[in-house]
Amino acid sequence: MSHLFSYDFRYDDNGYETQTSQKQLEVEDSIGEIYLSLVDPDTMHHGGDIDDSKHKLLRSKHEQFMHTALGGLPSGFVALDASQPWFSLWCLNSLDILGCEIDSLLRRRTIDTLTRLQSPGGGFCGGNKQLPHLAGSFAAVLAIVLVGGDEAYQIIDRDAMYQWLMTMKRPDGSFFMHTDGEVDVRGIYCAMVIASLLNIMTPELTKGSAEFIARCQTCEGGIGPFPGVEAHGGYTLCGLAALEILGRLDVLDLKRLARWMCARQLSFEGGFSGRTNKLVDGCYSYWVGGAFPILQKALGRSARDDYLYDRAALQRYILACCQETKQQRSGGLRDKPGKSPDYYHTMYCLAGLSLSQHYVGVDSSKPVVDASSVYGVPVRMMQWDVTPASQLVLGLRSNVVKPVHPVYSVSFVPLANCIKYFYAFPPLSPTIF
Ligand SMILES: CC(C)=CCC/C(C)=C/CC/C(C)=C/COP(=O)(O)OP(=O)(O)O
Ligand SMILES: [Zn+2]
């Protein structure tokens with residue numbers, strides 16, 4: 001597969017130079033240099049075709065990057081002390097997406113760490129002796145899903161988690177991230193992911209949340225953190241994924257959303273930006289890229305129609321611009337050229353790469369559930385599947401990674417195992433609390 005390299009796709013400031021337009025052109029310069037180096041010289045007479053056949057996912061370097069981190073971080077990483085469940089999720093999920101086994105020592109250490117971080121009143125803390133936090137709890141539950149097995153699942157106190165989530169709930173359908181903390185769409189997403197996985201969804205927990213998310217859709221079409229605030233890729237994934245769990249994608253203006261999401265893919269870079277007039281960043285490969293399969297479902301489109309973005313261009317950006325270069329040799333993936341790789345960007349670049357390689361959609365032959373019933377959640381969750389015929393892998397065939405669920409960002413088998421375990425319990429009856 002080849003792609004015409006052309007400076008015609010560059011940003012046009014229409015003669016009004018600003019700090020923002022300067023930064024945009026600087027980023028394009030650095031990316032243009034990379035893409036130009038990939039042009040097949042024999043095609044220069046007609047502008048130049050990028051030779052996409054040699055892109056290589058540096059698997060063993062990324063694995064090494066994660067394993068080194070898991071072996072212990074130097075003191076310079078002290079800020080991550082408050083993000084321990086996140087660190088577990090970034091590392092475990094990156095390894096899993098790359099197809100690596102999570103060995104027994106790593107399992108043991110993850111279970112011990114997360115056991116210590118569970119608050120007696122429910123929920124997980126980011127670090128020792130901190131307040132339980134919705135984002136930390138989201139990451140902890142997904143890390144437990146990845147580790148898998150009864151011993152890991154059993155550490156979660158479901159009843160306490162439910163009671164704590166109810167104390168975070170606000171009358172308008174939103175959630176505090178922690179006691180007296182900030183309120184935004186992330187809270188609803190984290191709560192819905194946790195509750196759907198642990199089989200603790202009740203009408204009380206979900207009441208008003210879909211309506212709150214609908215109020216966060218802006219005039220541009222994307223979803224912002226709370227009503228009246230600019231749309232952003234991160235919050236758009238949170239809002240869309242939460243609505244998919246709730247079975248309420250109908251509350252959005254889908255045409256406006258589709259237009260805003262399509263505008264996130266930058267024509268020269270190929271990667272996504274998180275909002276209007278902002279720079280490309282590898283992590284939006286998941287935050288925006290992962291929203292496309294959900295949009296696709298909401299619009300009633302199928303694998304025959306493909307996603308509404310250029311999958312090859314995104315993979316080119318991730319493989320050519322988010323991995324090591326001759327100047328900067330190390331494993332891990334990054335935001336953009338010139339930035340250092342980190343654990344967060346490694347996981348979200350890999351999850352985005354996965355979702356662009358595999359067509360992930362809803363299998364209509366699986367039973368359809370009543371969208372208004374919160375108890376239809378596990379069926380709705382597991383209706384998602386991969387259509388092998390629609391796979392698109394740029395570069396070497398060995399670049400293919402495991403498919404991930406667009407709503408949960410982790411692969412399908414650990415999710416299915418977790419659902420099997422937690423849905424063997426009867427659903428919570430709100431009256432027992
Ligand atoms: C589950 C959970 C906690 C989800 C979080 C989702 C979320 C909000 C992700 C976005 C993170 C991010 C890169 C923010 C940067 O904002 P910026 O203003 O620095 O970047 P920009 O210039 O790209 O807009
Ligand atoms: Zn980023």
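Counting convention: from 1, in listed order, for ligands and their atoms alike. The model shown is predicted, which means the values in this text are computed figures rather than measured ones.
- Taking the ring axis of Phe425 as reference, the NZ or CZ atom of Arg158 stays within 45° of it and closer than 6.0 Å to the ring centre.
- For residues 263-283, the set of pairs meeting the salt bridge (Lys or Arg N to Asp or Glu O under 4.0 Å) definition, not counting sequence neighbours, comprises Glu230-Arg275.
- Not one N or O of Arg186 is nearer than 3.5 Å to an N or O of ligand 1, by distance alone.
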Evaluate Glu244 against Arg248 for salt bridge (charged side-chain N to carboxylate O under 4.0 Å, His left out), listing each step before the verdict.
CA-CA 6 Å; Glu244 162 60 8; Arg248 293 293 309 280; over 6 Å; no
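- Neighbouring protein atoms of the Zn ion (ligand 2) (N, O or S, distance under 2.8 Å, waters ignored): Asp281 OD1, Asp281 OD2, Cys283 SG, His345 NE2.
- A donor-acceptor contact shorter than 3.5 Å is absent between the side chain of Gln24 and the backbone of Tyr11.
- Relative to atom 16 (O) of ligand 1, the option among His345, His232, Lys23 with the closest non-hydrogen atom is His232.
- With distances taken over non-hydrogen atoms, the option nearest atom 24 (O) of ligand 1 out of Arg275, His133, Lys278, Glu230 is Arg275.
- For atom 19 (O) of ligand 1, the nearest protein heavy atom is 4.0 Å or more away.
- Atom 9 (C) of ligand 1 has Gly234 CA, 3.6 Å as its closest protein atom, hydrogens excluded (heavy atom only).
- Only the side chain of Cys238 comes within contact range of ligand 1, with a heavy atom under 4.0 Å; no backbone atom does.
- In this model, a donor atom of one side chain and an acceptor atom of the other lie less than 3.5 Å apart for Tyr408 and Ser196.
- Of the candidates Tyr344, Tyr235, Tyr189, Tyr235 brings a heavy atom nearest to atom 8 (C) of ligand 1.
- Ligand 1 has an N or O atom lying under 3.5 Å from an N or O atom of Tyr284, backbone or side chain.
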Kindly determine whether Asp342 and Arg334 satisfy salt bridge (charged side-chain N to carboxylate O under 4.0 Å, His left out), including the steps that lead there.
CA-CA 6 Å; Asp342 61 60; Arg334 57 187 174 173; over 6 Å; no
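- With Phe292 as the partner, the ring-ring contact (aromatic ring centres under 6.0 Å, His included) test is satisfied by one option alone out of Tyr284, Trp287, Tyr309, Tyr286: Tyr309.
- Here the two rings, on Phe124 and His133, have centers that are 6.0 Å apart or farther.
- Glu220 meets the side chain to side chain donor-acceptor pair (under 3.5 Å) test with Thr276; sequence neighbours excluded.
- Ranking protein heavy atoms by distance to atom 4 (C) of ligand 1, first place goes to Trp287 CH2, 3.5 Å.
- With sequence neighbours left out, Thr387 forms a side-chain contact (heavy atoms from CB on, under 4.5 Å) with Ala303, Tyr359, Ser390.
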